[in-house]
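Notes to accompany the following structure.
Labels below follow one simple rule: chain letters A, B, ... track the order of the sequence lines, proteins then strands, and each chain is numbered from 1.
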Amino acid sequence: MGKSCSKSLFLTQFSLQITHTRSLRTAGGGAAADSFIALCRQGHLKQAFTAHFSLISWDPPLVSHLLKACVDSSSLSLAQQLHSIITTNGWSNIKFVSNHLMSAYAKLCRLETALKVFDKMPERNVMSYNIVIGGYIQSGDLGAAVVVFKEMGERKNSATWNAVITGMIKNELNEEGLTLFTQMHSNEFSSDAYTLGSVLRACAGLKDLIKGKQVHGYAMRLGLELDLVVGNSTSHMYMRCGCLTEAERVIQSMPLRNIVLCNTLIAGLVQNGCAAGALETYHLIKRAGFRPDDITFVSVVASCSKLSTLGQGQQIHAEVVKAGAASDAAVITSLISMYSRCGCLDGAVKAFEERGGAARCHVLLSSMIAAYGFHGKGDEAIELFKRMELDGVKANKVTFLSLLYSCSHCGLKEKGLQLFNLMIGKYGLEPEVKHYTCVVDLLSRAGCLEEAERFIRSMPVKPDAVTWKTLLSACKIHKTADMATRIAEEILKIDPQDSASYVLLSNIQATADRWRDVSTVRKQMRERMVKKEPGVSWYELKNEVHHFIMGDKSHPQWEEINSYLKEVMAEVRSHGYVTDIGASLHDMDSEEKEHNLAHHSEKLAVAFALMKAPDSIPIRIMKNLRVCDDCHVVMKYISMVRNREIVLRDCSRFHHFKHGHCSCDDYW
DNA sequence: CTAGGGTTAG
């Protein structure tokens with residue numbers, strides 16, 4: 001469940017002061033050019049060139065525009081073709097054309113060529129220098145960047161400083177940018193809105209609230225705090241530092257608002273755990289007359305993902321298509337993740353396939369790999385990674401993390417270990433604790449518990465509570481109560497309030513009939529005031545989310561649901577199901593336990609879904625805790641007896657129940 | 001010198 005959040009200040013008095021939205025990039029060249037650009041946007045650069053090359057009346061803005069597209073789709077050869085068009089037409093002396101060309105070469109890892117273009121420029125502007133400096137910074141040659149900066153310095157004005165500071169910060173050299181900012185002042189150049197915007201962005205990147213507040217104060221002294229860009233950057237900085245109220249106050253004070261400001265607010269709300277507020281704000285800004293753009297959609301789709309509300313997500317997807325934002329790589333990445341997290345792998349695959357093969361960057365591919373992994377499709381995930389390697393798209397740490405858990409989720413131990421070694425060896429990536437945790441999962445799931453424990457105790461980074469919890473889950477499956485006690489101690493050293501671990505340990509002891517140990521755990525829980533978090537399940541029906549909590553009869557159709565659940569359970573019993581009382585932690589007699597188990601939130605939710613939803617669609621239920629053993633068994637029976645597909649997402653993974661079998665292979 | 005966005009263990 002999302003964190004509760006106070007109603008946004010913004011929502012209470014949002015006015016209709018709208019500034020003009022940035023218009024979609026347009027370029028010269030008429031209808032052929034439009035169609036050309038449309039094709040390029042969809043990632044079909046090569047097709048676009050073949051079909052339209054001779055029809056287009058080339059002009060400098062169009063060429064510049066397309067150079068940007070080349071960067072987006074990593075097409076060096078097309079950039080070279082454009083280069084020759086520039087040369088043939090004698091446009092090399094136009095500053096912005098050469099700047100774009102340099103920028104494309106630099107970003108496509110051809111710094112040498114970019115420098116040649118730079119050398120041939122008869123006249124340069126700040127941008128030209130900035131691109132070269134940026135290129136050097138990206139290739140890791142800071143020394144050369146400084147040399148160019150000094151050469152540029154001989155021209156020694158505010159715009160130059162701003163250009164370099166912006167260049168640094170854009171390349172994530174936040175500290176360096178801030179240092180230059182200080183130097184700029186000691187060289188008696190004063191800041192303007194451009195400087196402040198960049199510097200605030202650096203503070204946001206560093207999550208440095210103290211510096212950020214100082215800059216905010218400085219902006220007020222300069223009377224620049226109401227500038228659209230400065231105000232937005234200030235709000236963004238507060239959002240990144242987790243100060244939601246402060247960020248909203250800044251937006252509230254702005255005399256003019258535009259879609260960028262709205263986006264800062266919506267993204268900030270999601271990032272600060274208030275997905276419901278983000279969704280609400282989205283509907284509000286639309287009513288206020290703002291037109292959402294691709295960036296808005298990325299955040300709104302992410303909200304649906306966090307809330308696990310497939311219906312709302314699909315609705316937003318339709319709006320994305322209508323708004324013509326469906327070919328933006330970030331939007332698609334977000335959609336893939338949303339469908340996957342809402343339990344609809346088909347939707348994720350469809351969104352992925354629609355993108356076509358032309359322009360799939362590493363983030364987009366990683367998100368699809370993660371989606372396969374989430375749903376236990378390890379082979380598909382690995383297949384996609386192979387294709388990624390063939391296409392020359394470079395995998396990063398996130399890609400490998402997704403690959404590793406794809407393997408552990410379906411028992412591909414050897415394959416997973418191979419990938420782990422590939423990541424360190426061939427890719428030269430340093431694993432983080434999350435990667436090590438996946439390896440622990442790979443080993444322990446395969447029954448190598450001792451090896452997994454040795455691995456944890458010898459790994460070069462400090463294991464966290466999750467690392468140990470992974471091993472503790474394995475102890476449950478492999479019924480090793482002694483080891484479980486030892487591992488639980490490690491977890492409670494790190495987080496003594498982690499109720500899930502107490503519950504897990506107690507269940508393991510109960511299964512091993514070690515009742516004295518069970519009561520020790522319960523005593524510890526009482527002494528340390530650890531409360532078992534109540535289990536909540538939710539189910540979305542016709543745009544409405546229904547919540548179910550054990551023992552809570554507040555649902556308007558509670559009686560009906562309860563008696564229907566009884567019917568279903570009787571049906572399931574007639575097919576051989578027997579209640580497993582061990583799954584209950586509570587200290588009570590058997591009859592009471594059975595009664596409690598029978599009303600677990602996921603059972604209530606599934607009964608409601610069986611009652612209300614059409615037979616043809618899978619039932620998708622979300623739960624805030626791990627699924628209990630008994631409910632897991634019941635779901636398997638229901639999927640068989642009723643011939644219904646049930647997708648249950650608990651706090652860590654998906655369970656797909658079909659024909660009496662679960663995708664997790666009873667390991668979770 | 002022109003803001004704001006994407007993938008991530010249990």
**Request:** Spell out yes or no: do the side chain of A:Ser366 and the base of B:dT7 have one donor N/O and one acceptor N/O closer than 3.5 Å?
**Result:** yes
**Message:** Whether the side chain of A:Asp328 and the base of B:dG6 hold a donor-acceptor pair under 3.5 Å is what I'd like checked.
**Reply:** no
**Message:** From C-beta outward on A:Asp464, which listed nucleotide comes closest to its side chain: B:dT7, B:dA9, B:dG6?
**Reply:** B:dA9
**Message:** Please enumerate all residues that pass salt bridge (Lys or Arg N to Asp or Glu O under 4.0 Å) together with A:Lys413, with sequence neighbours excluded.
**Reply:** none
**Message:** If you only use heavy atoms from C-beta on, which nucleotide in B:dT7, B:dG5, B:dT2 is closest to the side chain of A:Ser367?
**Reply:** B:dT7
**Asked** Which nucleotide sits closest to the side chain of A:Ala370: B:dA9, B:dG5, B:dT7?
**Response** B:dT7
**Item:** Nucleotide nearest A:Leu401 when distance is taken to its side chain, options B:dT2, B:dC1, B:dA9
**Value:** B:dA9
**Request:** Please identify each residue that fulfils salt bridge (Lys or Arg N to Asp or Glu O under 4.0 Å) with A:Asp192, with sequence neighbours left out.
**Result:** none
**Message:** At less than 4.0 Å, is any side-chain N or O atom of A:His362 found next to OP1 or OP2 of B:dG6? Yes or no.
**Reply:** no
**Asked** Which nucleotide in the set B:dC1, B:dG6, B:dA9 lies at the smallest distance from any side-chain heavy atom of A:Tyr194?
**Response** B:dC1
**Request:** Mind checking A:Ser473 for me? I need base, sugar-phosphate or nothing, with any heavy atom below 4.0 Å counting as a touch.
**Result:** sugar-phosphate
**Message:** Between the base of B:dG6 and the side chain of A:Thr333, is there a donor and acceptor pair under 3.5 angstrom?
**Reply:** yes
**Prompt:** Side chains of A:Thr437 and A:Thr467: donor-acceptor distance under 3.5 Å anywhere?
**Reply:** yes
**Message:** Hydrogens and angles aside, do A:Tyr502 and A:Gln497 bring a side-chain donor and acceptor to less than 3.5 Å of each other?
**Reply:** no
